[in-house]
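Working notes, structure below.
Letters go in sequence order (proteins before strands), and every chain restarts at 1.
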There are 2 protein chains.
Amino acid sequence: MESSRKARLYGGLDAEERRTERRLKLIDAAIEVYGEVGYRSATVKAICEAAELTERYFYESFANSEALLIAAYTHVVDHLYADMTAAAAAAGDDADARLRAALTLYFTRLKEHPKPARVFLLEISGISPAVEAVTLDAGRVFSEILVPPTFDPRRSGKGPATLLAVGMIGAVISIARRWVSRQYPEPVAEVAATAASFCRVALGAADHPSHAVPG
Amino acid sequence: MESSRKARLYGGLDAEERRTERRLKLIDAAIEVYGEVGYRSATVKAICEAAELTERYFYESFANSEALLIAAYTHVVDHLYADMTAAAAAAGDDADARLRAALTLYFTRLKEHPKPARVFLLEISGISPAVEAVTLDAGRVFSEILVPPTFDPRRSGKGPATLLAVGMIGAVISIARRWVSRQYPEPVAEVAATAASFCRVALGAADHPSHAVPG
DNA sequence: CCGTTTTGACAATCTATATTGTCAGATAAC
DNA sequence: GTTATCTGACAATATAGATTGTCAAAACGG
């Protein structure tokens, strides 16, 4: 009975699959357009043109512009965080080594993919409370990647104290923001090392200033 | 001749003085309204009503809404920074003591005056490139108050390395942002101390130039 | 008091884009 | 080939608030 209810195929895809494909094309187009002209000046029309779709398909997948921005942001963040987590895992058990691995991957990605980076860092600010909520949550996840909850046994199951986590993420994001908006003036190793020095405050290693910058 | 050219007095003030007064009333009203409904939903009309003035006077003093936002922000920042500088100066010569004094004043003010705090921290984000430029510059000044340029004699006339300054301000502002938006859950001493721990990364690095990467 | 300047209330205009709606032509199923 | 479904281009509508303009009443100077 399922198959009999399936919609007519177009281009070998059923209705559901076509819808999903269009949604993805819109997200990719949005990242592209946001990266070029910014979210604020990105019109629905322009995004649809970049996606080679018309407005009707925009509203098929998204209630409004903001919904697409959130989808695009989430898309970027999900990939980035998954890779950071993998990089951290590959770096072994030492908390500081994992931190450096995750940050190096982070900044490397930002440089390799400037447009998603702009979406992630610059365009997302100050849009609406709904968007703020999404980025806030992403920040929490970010901090847990950099300083995992299990690190300090005294705080069973919790990451660094909230204010420390907030400060840490604020420092890292601010550094990244500036680095991206100025078009990557410093080498990845330097920004990663500087960011790491702020993260160590939260790790509790702030009192060991003997960390050299990796060449 | 000068006095003969003076405009007719109203309420004991000449044209110029009345203009200045209206401008100030608009700035105060804007802080009030932004603090209540946010910059985005603050209409020109609403601000004018709060200032007990009509739209014509809005455009007498400001080219557009953004100009008023910038003026309001600058107004808030100027006062805050002046007081922080004074507090730091009163704390003597020790860099860390000055840092703590400035931060304590900073967070105390944010709590005492929630509406300007919202303008300063929350409403100002993501408005336009022009506004970003203003906040960026304010950040630079902020960092110089916390970690004065003269602190490290080896970097003549410069504050902490740029990326460190950016990270430091990012951490402090992020902490403040969260603290304000959650309505001051922690005591001033705690937020100030946490913020200070991030600032010491920049202070400490100035002490240990082995962190510096040759540019 | 008279004429001028200034003010306050409010109407008129303007602009830009999101969002919805229409229709002819294209594509698939049978 | 015929019919139902889907698609693309584009027109029509809706909105919302900024910005400009008008006018009569109020405040001042002499």
Side-chain angles (χ1 to χ4, degrees), chain A residues 3-26 29-30 33-34 37-72 123 127-128 130-131, chain B residues 2-26 29-30 33-34 36-72 123 127-128 130-131:
Chain A
S3 58
S4 72
R5 289 177 108 209
K6 232 178 192 174
R8 170 183 294 191
L9 301 181
Y10 266 68
L13 306 174
D14 71 16
E16 180 68 15
E17 293 169 326
R18 295 199 300 278
R19 227 177 51 78
T20 309
E21 186 144 290
R22 286 192 291 257
R23 194 188 136 92
L24 274 180
K25 281 183 84 174
L26 282 166
V33 175
Y34 294 163
V37 307
Y39 171 69
R40 255 158 242 294
S41 4
T43 64
V44 170
K45 200 161 176 287
I47 290 166
C48 291
E49 273 164 16
E52 299 177 295
L53 293 169
T54 58
E55 291 100 314
R56 76 147 61 194
Y57 295 115
F58 184 97
Y59 295 100
E60 174 192 55
S61 286
F62 305 100
N64 48 47
S65 298
E66 197 181 300
L68 174 54
L69 175 64
I70 290 176
E123 303 303 330
I127 304 299
S128 78
V131 176
Chain B
E2 305 295 276
S3 56
S4 71
R5 289 176 110 211
K6 231 178 193 177
R8 171 183 294 190
L9 300 182
Y10 266 68
L13 307 175
D14 72 16
E16 179 68 14
E17 294 169 323
R18 295 198 302 277
R19 229 176 51 78
T20 310
E21 185 144 292
R22 286 192 291 258
R23 194 188 135 92
L24 273 180
K25 281 183 84 175
L26 282 167
V33 175
Y34 294 163
E36 271 159 24
V37 307
Y39 171 68
R40 254 160 243 294
S41 0
T43 64
V44 171
K45 200 162 176 285
I47 290 167
C48 291
E49 272 164 17
E52 299 175 296
L53 293 170
T54 59
E55 291 99 315
R56 76 151 55 200
Y57 295 114
F58 183 97
Y59 295 100
E60 173 192 57
S61 285
F62 305 100
N64 49 46
S65 300
E66 199 181 297
L68 174 52
L69 175 63
I70 291 176
E123 303 303 332
I127 303 301
S128 77
V131 176

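As rounded to whole Å, 14 Å separates atom C1' of dT7(C) from atom CG of L13(B). A straight line from CZ of F62(A) to P of dA18(C) spans 15 Å, rounded to a whole angstrom. In this structure, CZ of R18(A) is placed 18 Å from P of dA26(C), rounded to the nearest angstrom. The distance from atom CD of E49(A) to atom P of dC10(D) is 10 Å, rounded to the nearest whole Å. Nucleotide dA29(C) holds its C1' atom 15 Å from the CG atom of D14(A), rounded to whole Å. For the pair E60(B) CD and dG21(D) P, the computed distance is 16 Å after rounding to whole Å. The CD-C1' distance, from E55(A) to dC23(C), rounds to 15 Å in whole Å. Taking atom CG of residue N64(A) and atom P of nucleotide dT15(D), one finds them 16 Å apart after rounding to whole Å.
Proximity of a side-chain donor or acceptor of E36(B) to a complementary backbone N or O of V33(B) within less than 3.5 Å is not detected.
The nearest heavy atom of DNA chain D to A63(B) and to L53(A) marks one nucleotide each, and the one closer to the 5' end goes with L53(A).
Comment: R56(A) does not engage E60(A) in a salt bridge, judged by the lack of any side-chain N to carboxylate O separation of less than 4.0 angstrom. Of the charged side-chain nitrogens involved, none lies within less than 4.0 Å of a carboxylate oxygen, so that E21(B) and K25(B) do not count as a salt-bridged pair.
Proximity of Y57(A) to the phosphate of dT7(D): a side-chain N or O atom is located under 4.0 Å from OP1 or OP2.
The residue R22(A) sits close only to the backbone: its heavy atoms come under 4.0 Å of sugar-phosphate atoms, none of a base.
Closest to the T54(A) side chain, of the nucleotides dT20(D), dA18(C), dA9(D), is dA9(D).
In this structure, T43(B) OG1 and E55(B) CD are separated by 8.5 Å, a value rounded to the nearest 0.5 Å. Between R23(A) atom CZ and F62(A) atom CZ the span is 4.5 Å, to the nearest 0.5 Å.
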Output one line per pair: protein atom, nucleotide atom from nucleotides 25-30 of chain D, and distance, for all N/O pairs under 3.5 Å.
unit_1	atom_1	unit_2	atom_2	d
dA27(D)	N3	Y10(B)	OH	3.0
dC28(D)	OP1	G11(B)	N	3.0
dC28(D)	O3'	L9(B)	O	3.0
dC28(D)	O2	R8(B)	NH1	2.9

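Pairing each heavy atom of R22(B) with each of Y57(B), the nearest pair is NE-CD2, 3.2 Å. Annotation for E17(A) and G12(A): closest pair OE1-O, 4.2 Å, computed over non-hydrogen atoms.
For R56(A) and dG8(D), a side-chain-to-base donor-acceptor distance below 3.5 Å is present, hydrogens and geometry of angles not being considered.
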